[in-house]
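What follows is a single structure, written as structure tokens, with notes after it.
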2 protein chains.
Amino acid sequence: MKEVFKSIDTQSLVDKVEDSLINLLHERKLKVGDSIPKELELASALGVSRTVVREALMRLRMMGLIDTRKKKGAVITSPDIFGNLAKSLNPYILSDDTLKEIFEIRLVLEVGMADLLFSHVTDGDIKELKEIVKNEPLSAKHRMFEASYEIAFHGKLYQITKNETLKKFQGLLLPIFDFVEKSSIFKPIPGTQKFTSHKQLITILEKGTPEEFRNGMRNHLENHFARLRLNKGGK
Amino acid sequence: MKEVFKSIDTQSLVDKVEDSLINLLHERKLKVGDSIPKELELASALGVSRTVVREALMRLRMMGLIDTRKKKGAVITSPDIFGNLAKSLNPYILSDDTLKEIFEIRLVLEVGMADLLFSHVTDGDIKELKEIVKNEPLSAKHRMFEASYEIAFHGKLYQITKNETLKKFQGLLLPIFDFVEKSSIFKPIPGTQKFTSHKQLITILEKGTPEEFRNGMRNHLENHFARLRLNKGGK
DNA sequence: TAACTTTATTATGTCATACATAATACTAAA
DNA sequence: TTTAGTATTATGTATGACATAATAAAGTTA
């Protein structure tokens with residue numbers, strides 16, 4: 001790690017100001033609602049033009065750290081972590097490999113969330129889940145038709161975890177899941193069959209254990225796992 | 001959903017230009033490496049000032065959609081989804097509830113990633129894991145000292161999944177895990193005890209099944225789960 | 001005094017212009 | 001053909017100006 005040349009700053013002015021501003025937030029331990037100095041004040045204090053300050057402030061705003069309003073100035077906000085991520089998570093821009101990886105993450109989450117489900121699930125949740133699957137078609141023939149049930153059922157599971165961050169994350173990834181399933185990234189599995197059903201999962205959630213649920217969900221998602229295995233060559 | 005007033009655009013000019021640019025990317029199906037028009041060209045084409053175009057371009061850059069270089073202009077890049085998220089994921093700014101939720105997500109991921117591990121793990125990986133835990137202290141007394149082993153071991157697991165997106169996500173969350181463990185957000189658990197050890201997990205990964213690994217990992221993380229249960233009142 | 005209306009202020013949003021800088025393309029010399 | 005130097009060009013930064021909207025202040029009415 002020894003560097004002969006002193007690492008010259010390849011950073012642009014905006015980068016530096018951005019860092020300064022973030023440091024400002026930390027040092028002063030500013031809380032939500034607090035306001036930071038005006039653009040012109042910052043510009044003169046930091047010795048740069050208002051242009052640079054504005055660009056740096058815009059970055060903070062994109063990160064969800066601040067919210068700027070006319071006259072009022074910029075105020076600290078509780079950052080919506082994934083809020084800004086949504087735009088860059090566009091399936092048309094992401095590479096196929098990345099899309100596959102995101103799809104994998106979904107499987108990981110749903111298999112792993114069993115404990116959260118069991119520690120938060122209520123009778124009302126069970127009732128809702130049963131309502132969702134009540135009219136679900138038994139056969140796996142109408143895949144397209146089934147999609148809405150899939151989303152409703154699995155979405156409800158995320159909601160049961162009472163983990164807002166996780167729920168937001170899922171909402172973010174949903175269009176990607178949809179895209180991946182419909183796209184030709186994955187070769188279809190011949191002779192797709194049903195494994196553990198939604199109804200069975202509900203029964204486990206109602207009367208079983210997290211361990212059983214994990215295995216049930218793993219089995220339920222077997223078709224997806226199989227597609228991943230079949231399409232491993234791509235990497 | 002009926003609206004009496006036609007929804008006036010509360011968007012700023014920059015917002016609109018941003019949308020226009022993203023649409024441009026989609027419509028033209030631009031690939032990585034392709035370049036987009038110069039700032040001045042965009043400005044005149046869209047009928048706004050260069051300032052506005054620049055701010056919009058900066059947003060795209062923050063999203064990781066483009067990379068701008070002098071003289072060359074802006075070129076499409078393969079977006080690093082989580083790269084730009086890092087700065088806003090600052091523990092000092094996130095609320096305690098959000099921090100807890102992120103911590104939960106870690107647990108979910110590690111319990112759920114068993115299948116990915118088994119489908120990618122190599123002999124070399126097993127060897128590396130064994131190397132990591134070789135000098136690991138047996139007792140749980142030196143918690144601070146143990147931290148580095150924890151990070152090395154669990155980090156290696158993420159790496160074994162061969163899922164770059166997941167690995168990046170973990171790298172992103174790591175400072176948060178660290179912060180949460182050290183902070184007083186969680187009350188400590190009296191009489192913390194060891195459950196499934198790292199060594200046992202390796203053995204399962206080498207000779208066992210995904211199902212066994214999930215349960216082993218769940219058990220291994222029991223202390224963390226217990227802390228979550230104990231601190232549930234906060235919400 | 002309290003509630004409402006109008007006016008004034010202020011800080012951000014947008015625009016225009018100018019120059020600096022660095023990366024590229026071009027040209028000339030060896 | 002390679003290298004070195006030069007010119008070009010698009011972004012980076014600075015400055016000044018005005019528009020706009022949100023707030024604060026002042027004024028009015030009951």
Side-chain angles (χ1 to χ4, degrees), chain A residues 5-22 24-25 28 30 32-77 79 84, chain B residues 5-22 24-25 28 30 32-77 84 87:
Chain A
F5 303 100
K6 60 175 180 181
S7 61
I8 47 171
D9 49 347
T10 172
Q11 283 184 89
S12 74
L13 267 179
V14 180
D15 292 325
K16 294 175 191 167
V17 172
E18 179 191 342
D19 291 343
S20 299
L21 290 177
I22 292 181
L24 183 81
L25 303 193
R28 298 200 183 173
L30 295 177
V32 174
D34 292 349
S35 59
I36 61 180
K38 323 301 174 195
E39 290 178 356
L40 282 173
E41 293 174 17
L42 288 171
S44 65
L46 294 167
V48 295
S49 71
R50 187 180 155 218
T51 310
V52 173
V53 172
R54 273 186 61 76
E55 297 208 354
L57 283 175
M58 161 161 297
R59 293 191 185 178
L60 297 200
R61 203 170 38 199
M62 283 201 64
M63 294 180 215
L65 295 186
I66 62 172
D67 191 21
T68 73
R69 317 187 60 141
K70 289 193 177 180
K71 167 80 180 187
K72 193 77 173 294
V75 294
I76 312 289
T77 60
N84 311 97
Chain B
F5 304 101
K6 58 176 178 181
S7 60
I8 46 172
D9 48 349
T10 172
Q11 283 185 91
S12 75
L13 266 180
V14 180
D15 292 324
K16 293 175 191 167
V17 172
E18 179 192 341
D19 291 343
S20 299
L21 290 178
I22 292 182
L24 184 81
L25 302 192
R28 297 200 185 174
L30 295 177
V32 173
D34 293 348
S35 59
I36 61 179
K38 321 301 176 195
E39 292 180 353
L40 282 173
E41 293 173 19
L42 288 172
S44 65
L46 294 168
V48 296
S49 73
R50 191 180 152 218
T51 309
V52 172
V53 172
R54 274 185 62 75
E55 299 208 347
L57 283 176
M58 161 162 297
R59 292 191 185 178
L60 296 200
R61 204 168 38 199
M62 284 200 64
M63 292 185 238
L65 295 186
I66 63 173
D67 192 20
T68 74
R69 316 187 63 141
K70 287 193 178 181
K71 166 81 180 186
K72 193 74 173 294
V75 295
I76 312 289
T77 61
N84 312 94
K87 287 173 190 162

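Lettering of chains follows the sequences in order, A, B, ..., and the numbering in each one begins at 1.
Considering all non-hydrogen atoms of both residues, B:L46 and B:S20 come closest at CD2-CB, 4.3 Å. Nearest approach of B:V14 to B:A56, heavy atoms of both residues: CG1-N, 3.8 Å. The two residues B:S44 and B:E41 come nearest to each other via the heavy atoms OG-O, 3.0 Å.
A salt bridge does not link B:R59 with B:D19: every distance from a Lys NZ or Arg NE/NH1/NH2 to an Asp or Glu carboxylate oxygen is 4.0 Å or more.
Here the range on DNA chain C touched by chain B, meaning any atom under 4.0 Å from one of its heavy atoms, is C:dT14 to C:dT24.
Taking a 4.0 Å limit (strictly below) on heavy-atom distances, residues 37-51 of chain B reaches DNA chain C at B:V48, B:S49, B:R50, B:T51.
Remark: P of D:dA19 and NZ of A:K70 are 12 Å apart, rounded to the nearest angstrom. Atom CZ of B:R69 is separated from atom C1' of D:dT11 by 12 Å (rounded to the nearest Å).
With rounding to the nearest 0.5 angstrom, the CG atom of B:L21 is 10.0 Å from the CG atom of B:L65. Atom OG1 of B:T51 sits about 9.0 Å away from atom CD of A:E55, to the nearest 0.5 Å.
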Handout entry: Stepwise side chain to side chain contact (heavy atoms under 4.5 Å, CB included) check, B:I36 with B:L57
Key = CA-CA 10 Å; B:I36 61 179; B:L57 283 176; 3.8 Å; yes
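Dashed line: the shortest gap from a side-chain N or O of A:R54 to OP1 or OP2 of D:dG12 is not under 4.0 Å.
Checked against D:dA14, D:dT11, D:dT23, the side chain of A:K72 finds its nearest nucleotide in D:dT23.
With A:V53 as the partner, the side-chain contact (heavy atoms from CB on, under 4.5 Å) test is satisfied by one option alone out of A:L40, A:L42, A:L13: A:L42.
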